[in-house]
2 protein chains.
Amino acid sequence: MGEDDVVPAPDEAAGTRTPLHRRVADALRAEVDDRTTPAGALLPSEAALTDRFGVSRSVVRQALAALEAEGRVRRERGRGSVVVDRSDHRRLVTRAGGLHDQLAAEGAAVSTRVLELSVEETPEVAAWLGTAQVLRLERVRSVDGRPVARIRTYLPLPLMAGLRREALADASLHAVMDDLVGSRPRRGSRQVRAVAADEGLAAQLGVAAGDPLLLLEGRGAAEDGTPLEVFATWHRGDAVSFDVEVDDVRARPLAPVGLTGGRGTPPSPAVAENPGRATTGDGEVDVHRLLADLDDVRTRLRALVSRRP
Amino acid sequence: MGEDDVVPAPDEAAGTRTPLHRRVADALRAEVDDRTTPAGALLPSEAALTDRFGVSRSVVRQALAALEAEGRVRRERGRGSVVVDRSDHRRLVTRAGGLHDQLAAEGAAVSTRVLELSVEETPEVAAWLGTAQVLRLERVRSVDGRPVARIRTYLPLPLMAGLRREALADASLHAVMDDLVGSRPRRGSRQVRAVAADEGLAAQLGVAAGDPLLLLEGRGAAEDGTPLEVFATWHRGDAVSFDVEVDDVRARPLAPVGLTGGRGTPPSPAVAENPGRATTGDGEVDVHRLLADLDDVRTRLRALVSRRP
């Protein structure tokens with residue numbers, strides 16, 4: 001039996017056989033795709049892979065050639081197989097801007113197909129939107145002709161009653177909202193999850209059922225607090241990643257900071273006496289935290305101004 | 001043939017058969033798990049499911065009973081099957097705080113197992129850490145005895161040379177860092193991806209290979225900019241979600257704003273003449289954006305102060 005002959009994989013159903021080189025390629029591919037072997041890293045040497053999988057070197061070479069043909073690794077003379085940084089679309093989720101604008105800003109050709117726009121009574125979203133009836137909008141967004149995101153949006157009625165399906169094709173919903181009602185989402189909360197595609201999402205996104213999707217769910221309100229949308233967007237896991245800005249200012253421990261002084265100024269009596277929490281239309285706010293933020297911004301600003309030519 | 005008899009599924013390999021009620025349950029489970037049918041939503045009625053799947057009502061009932069037994073839906077008299085909001089662990093990724101502290105703040109019993117602590121030369125991370133050699137730390141974090149995250153961290157040497165494996169068991173790495181070098185990560189960038197678990201991650205996290213994982217990759221630096229860590233954390237997709245704060249302030253279009261006035265004050269000449277960008281140790285900074293941030297913080301602060309009793 002030659003070293004490339006197919007042998008039964010012990011964990012497969014009886015009757016199916018997977019060639020050895022494919023099993024090696026599958027294992028390495030899974031480690032590249034979940035980034036345990038990250039972009040820029042070297043795969044183990046052929047000798048090390050031969051040991052690990054208990055296969056011949058030519059089987060390892062076949063597996064590496066497959067990964068190279070897929071664009072996952074690059075063979076470098078004298079170094080070995082380097083994992084390629086396959087550029088994906090990056091979305092900054094700490095900004096209220098919509099997916100359309102963020103993708104378009106990359107210079108990509110963004111297109112949007114409307115699957116459905118219908119009136120619904122959906123109690124779990126209507127309550128937050130403050131209306132009995134909502135518009136349900138279902139869309140698929142593609143970049144350079146490839147579907148990357150499946151978007152479901154609930155919009156309040158009657159506010160958005162003027163929304164037309166034609167206006168949404170290949171457009172930014174937020175821009176359309178701006179035209180329609182004079183405002184767009186500026187604030188809100190968002191949650192991120194990793195989920196496995198069901199059959200329906202898989203078909204719409206051109207992936208296999210079970211493939212990982214990056215789900216962004218959220219609510220968006222206008223600057224004055226008017227609820228504008230509840231959305232869920234499923235992004236292809238292999239095409240989109242999210243960037244997150246870490247807010248080191250807010251992460252600092254809270255300390256009372258004077259209103260007018262710089263860092264280190266003793267707190268003014270008004271601040272020292274304050275219980276530290278105030279109530280606004282948005283709920284309770286930590287005044288000390290806000291003061292600390294202000295102080296930090298002022299300090300950074302002074303540092304910048306003093307460096308300006 | 002009774003309605004519950006097994007029939008061959010057309011998309012399965014010859015020789016395998018899946019009972020009808022299981023196929024219906026699988027389809028509905030996938031839609032609940034990827035949140036196309038979100039928590040709080042009603043599943044379609046038994047009659048609607050009978051139509052959709054082309055099966056008898058008793059097959060639908062068997063499938064719904066399975067989902068109920070799994071805790072995915074709750075049957076409500078007169079309403080139908082409501083999707084249960086299965087509480088998972090939420091992580092606020094816009095704060096520099098580590099996973100340990102965020103989970104512990106939930107009141108959960110957090111435990112950490114160190115798999116490996118070794119010295120390495122890993123060029124792709126060493127460059128950013130600014131050292132030739134790094135410590136590579138591999139850990140599994142569990143909540144209430146269930147593994148939820150697999151953490152890989154690279155730490156700079158010699159700065160972290162005093163790190164001991166024993167100090168890390170069931171501990172927060174950031175707290176240990178604080179003890180060891182007097183600082184912890186306060187700033188940095190992070191990326192989020194959805195990936196499929198390879199065999200190794202699957203075994204460590206107690207999931208099946210291919211299951212979706214929520215990957216958080218990032219770099220952390222001390223407040224003074226000293227690089228402290230490069231990390232990748234794979235979270236079980238069914239156990240952890242990320243919360244993201246949307247920063248509506250920065251999302252606003254930039255406009256020159258006066259240093260001392262409130263909103264609407266004309267820009268001072270110094271600001272109007274400024275090209276709008278300055279260079280600091282952290283790279284280029286947009287001064288207009290910073291001024292707008294400051295102005296916004298001041299405006300919010302004034303509003304709060306005026307409402308205080």
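So that the names make sense, note that chain A is the first sequence line, chain B the second, and so on, each numbered from 1. Just the heavy atoms: all of them, side chains too, but no hydrogens, waters or symmetry mates, feed the values below.
Contact count against chain B (heavy-atom pairs under 4.5 Å) is highest for D34(A) among D34(A), V195(A), V192(A), D33(A). Taking G218(B), A41(B), S189(B) one by one and counting their heavy-atom pairs under 4.5 Å with chain A, the maximum is reached by A41(B). Chosen from R152(B), R29(B), H235(B), the residue pairing most often with chain A at heavy-atom distances under 4.5 Å is R152(B).
By the 4.5 Å heavy-atom criterion applied to side chains, E223(B) and S183(B) are not counted as neighbours. Side-chain contact between R150(B) and E138(B) is present, with heavy atoms from C-beta onward closer than 4.5 Å.
For chain A, no part of L216(B) is nearby; none of its heavy atoms comes within less than 4.5 Å. Interface remark: A197(B) contributes backbone atoms only to the contact with chain A (heavy atom separation under 4.5 Å). Both the backbone and the side chain of R35(B) come within contact range of chain A, each with at least one heavy atom under 4.5 Å from a heavy atom of that chain. Interface residue Q191(A): backbone and side-chain heavy atoms are both found under 4.5 Å from chain B. Contacts of R193(A) with chain B are made by both backbone and side-chain atoms, with heavy-atom separations under 4.5 Å. Interface remark: L213(B) contributes backbone atoms only to the contact with chain A (heavy atom separation under 4.5 Å). Residue E124(B) touches chain A through its side chain alone, counting heavy-atom pairs closer than 4.5 Å. Looking at A232(A), neither its backbone nor its side chain comes within 4.5 Å of chain B, counting heavy atoms on both sides.
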| task | Could you walk me through whether R236(A) and D211(A) pass the salt bridge (charged side-chain N to carboxylate O under 4.0 Å, His left out) test, one step at a time? | result | CA-CA 8 Å; R236(A) 277 180 66 144; D211(A) 276 3; over 6 Å; no
| Do E120(A) and Y154(A) pass the side-chain contact (heavy atoms from CB on, under 4.5 Å) test, and can you show the C-alpha distance, the side-chain angles, and the key distance before you say yes or no? | CA-CA 9 Å; E120(A) 259 195 25; Y154(A) 293 99; 3.9 Å; yes
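One finds the CG atom of L201(A) at 6.0 Å from the CH2 atom of W234(A) (value rounded to the nearest 0.5 Å).
Classification of R186(A) and E229(A) as a salt-bridged pair fails, no side-chain N sitting under 4.0 Å from a carboxylate O.
A pairwise comparison of heavy atoms in T233(B) and A149(B) identifies CG2-CB, 3.8 Å as the closest pair.
Under the 3.5 Å distance criterion, with hydrogens and angles disregarded, a donor-acceptor pair is assigned to the side chains of D198(A) and T36(B).
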